[in-house]
Amino acid sequence: MIILVINCGSSSVKYQLFNVRNLRCIARGVVERIGSPLASLKYQNNGKVFHKKVACLNHYAAISIIVDSLTDPKEGVIKSRDLIGGIGHRVVHGAEEFKCATRITPGVIGSIERYNELAPLHNPSAVSGIRACLKILRGVQQVAVFDTSFHQTMPSKAFLYGLPLRFYKKYGIRRYGFHGTSHRFVANQAAKILKRPIKNLKLITCHLGNGCSMAAIMNGDSVDTTMGFTPLEGLVMGTRSGDLDPAVVFYLMENENISPERISDILNKESGLLGLSGVSNDMRDIKKAAKGADVLGQQSKTAIETFIYRIEKYIGAYLAAMNGLDAVIFTAGIGENNPWIMKRVKRDLGKIVAKKVKFLIIPTNEELLIARDTFNIIKSRF
Ligand code: ADP
């Protein structure tokens, strides 16, 4: 069976096409700058790379373009769209309702829309993508795989904030966590590599990309994670601040005379590695700049130190939360490509992790896990 995996952002649609029999990716690509005259399609079919300008006003047009490219008589990879047996959508927020991947029905679409308020930049795009697929690939079963669902096993002591409980009851203000598909994927890979059942392991997974989060995974279940009500909590990230005394927000609003929207932009888009280094949100640039003896070089070194220190602090916290630790896993852009960060953490935590804790770099593959989840749900119907 062939499964199409779709990841809709506000101005992009990423996709991968899998043959589920051998779990091989047969095509992948992205439509970018949706709604702009500069919209383009980049894709790889059978290993060949293409890059085209396209006219693309919305998610519906983007998915039509993707399906046309997959079935193109010359450059395509499948003869007909009828060969697509299922569609798996990445959906960011499933709140407390979705504890695992779920077959999409009109009721499920309604629920995803209800959680738009919790993920205003992401859930509306996912719904546009789902609706487009309903029309373009009529009759094909669709499955939603949520970033939040893996962390639904967190106990209330880990997911509650120390706020009046009525705000949890009224608005659902609690810690949800994100990147769940990635944490789940690398935790399962780690169990395979360690040749031990995941049910007997205590793992800490570090997803370090542009967004960064860690998870404490005990017996295969997430018991804590660094992101919270939104992806702003936790680690120092590319452009997000991570943990912060909430009083800083009021202080800045008052002293800089700025609006809630502006402070949100500062915390989400101008902070983290970018804000600290003053150079870039990209670890490659910061590493290069850190070699310099000038002010930006000094700031870049400090940014790297702060980034690593926060990771180490959470390793200590999660070691305590699980009362033990078998392995720490590094993944995503920064985690996979900078083994020096892993080595540094291992050295710094020398005494507590000693020889008993394994350190592993494992490439993440969220799309593959979405394809597998989609296949398992579709298959279970027959
Ligand atoms: P996203 O969260 O947007 O998917 P990625 O997982 O691609 O982001 O991670 C982006 C980060 O990974 C950037 O900080 C970038 O510097 C880093 N990165 C990606 N490739 C490399 C590489 N080859 N060497 C060093 N750092 C890399």
Side-chain angles (χ1 to χ4, degrees), residues 5-16 25 28-34 42 44 89-93 119 121-122 125-126 145 147-148 150 177-186 189 205-215 225-227 230-242 267-291 296 299-308 310-311 329-345 360-370:
V5 173
I6 301 263
N7 180 353
C8 284
S10 54
S11 66
S12 72
V13 177
K14 292 188 194 142
Y15 69 95
Q16 289 195 26
C25 171
R28 69 173 71 203
V30 58
V31 179
E32 285 174 310
R33 299 185 184 225
I34 294 171
K42 276 188 224 159
Q44 270 186 42
H89 291 268
R90 176 196 178 209
V91 182
V92 165
H93 222 302
L121 299 178
H122 294 99
S125 312
V145 182
D147 270 26
T148 47
F150 180 58
F178 299 88
H179 292 142
T181 311
S182 177
H183 289 295
R184 181 159 60 103
F185 181 82
V186 296
Q189 291 295 105
T205 47
C206 310
H207 176 108
L208 309 177
N210 238 323
C212 302
S213 72
M214 287 166 59
T225 189
T226 54
M227 283 179 169
T230 73
L232 196 49
E233 191 179 339
L235 300 177
V236 172
M237 314 184 204
T239 59
R240 295 190 196 118
S241 63
L267 298 181
N268 278 292
K269 299 180 185 158
E270 299 173 17
S271 298
L273 289 171
L274 172 66
L276 284 168
S277 67
V279 171
S280 163
N281 63 323
D282 191 304
M283 186 53 96
R284 285 168 285 205
D285 301 336
I286 300 167
K287 241 175 75 184
K288 220 180 280 163
K291 296 197 177 106
L296 290 178
Q299 289 179 185
S300 296
K301 278 192 208 101
T302 309
I304 292 172
E305 289 305 306
T306 314
F307 179 81
I308 294 178
R310 188 76 57 88
I311 295 169
I329 296 111
F330 287 78
T331 193
I334 298 178
E336 291 169 29
N337 294 296
N338 297 281
W340 60 275
I341 294 183
M342 185 179 79
K343 284 184 196 140
R344 172 66 197 283
V345 171
L360 304 168
I361 289 178
I362 300 178
T364 192
N365 195 338
E366 290 156 277
E367 293 78 10
L368 178 61
L369 192 49
I370 294 174

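Positions are given from 1 along the sequence. Keep in mind that this is a model prediction, so the values were computed, not measured. Note that ligands are numbered from 1 as they come in the structure, with each ligand's atoms numbered from 1 the same way.
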From I370 atom CD1 to H89 atom NE2, the distance as rounded to the nearest 0.5 Å
10.0 Å
In the protein, which heavy atom is nearest to atom 16 (O) of ligand 1, and how far is it?
D282 OD1, 2.4 Å
Show which atoms of ligand 1 fall inside a sub-4.0 Å distance from at least one heavy-atom site of G211.
2 (O)
Note the single closest protein heavy atom to atom 10 (C) of ligand 1, along with its residue, its atom name and the distance in Å.
N210 N, 3.8 Å
Value rounded to 0.5 Å, distance of CD1 in I334 from CE in M283
4.5 Å
Tell me, which protein residue and heavy-atom name are nearest atom 26 (N) of ligand 1, and how many Å apart are they?
N338 ND2, 3.3 Å
Can you tell me if K301 has over 12 outside heavy atoms packed within less than 6.0 Å of its NZ?
yes
For ligand 1, which is the ligand I care about here, please tell me if I334 has any N or O atom under 3.5 Å from one of the ligand's N or O atoms.
yes
How far does OG of S277 sit from CG of D285, to the nearest 0.5 angstrom?
8.5 Å
Is M283 in polar range of ligand 1, meaning some N or O pair under 3.5 Å apart?
yes
Indicate yes or no: does an N/O atom of N337 lie under 3.5 Å from an N/O atom of ligand 1?
yes
Side chain proximity check, R90 to V92, heavy atoms < 4.5 angstrom
yes
Closest candidate by heavy atom, reference atom 5 (P) of ligand 1, pool A332, P339, G333
G333
Do the non-hydrogen side-chain atoms of W340 and I308 ever get within less than 4.5 Å of each other?
yes
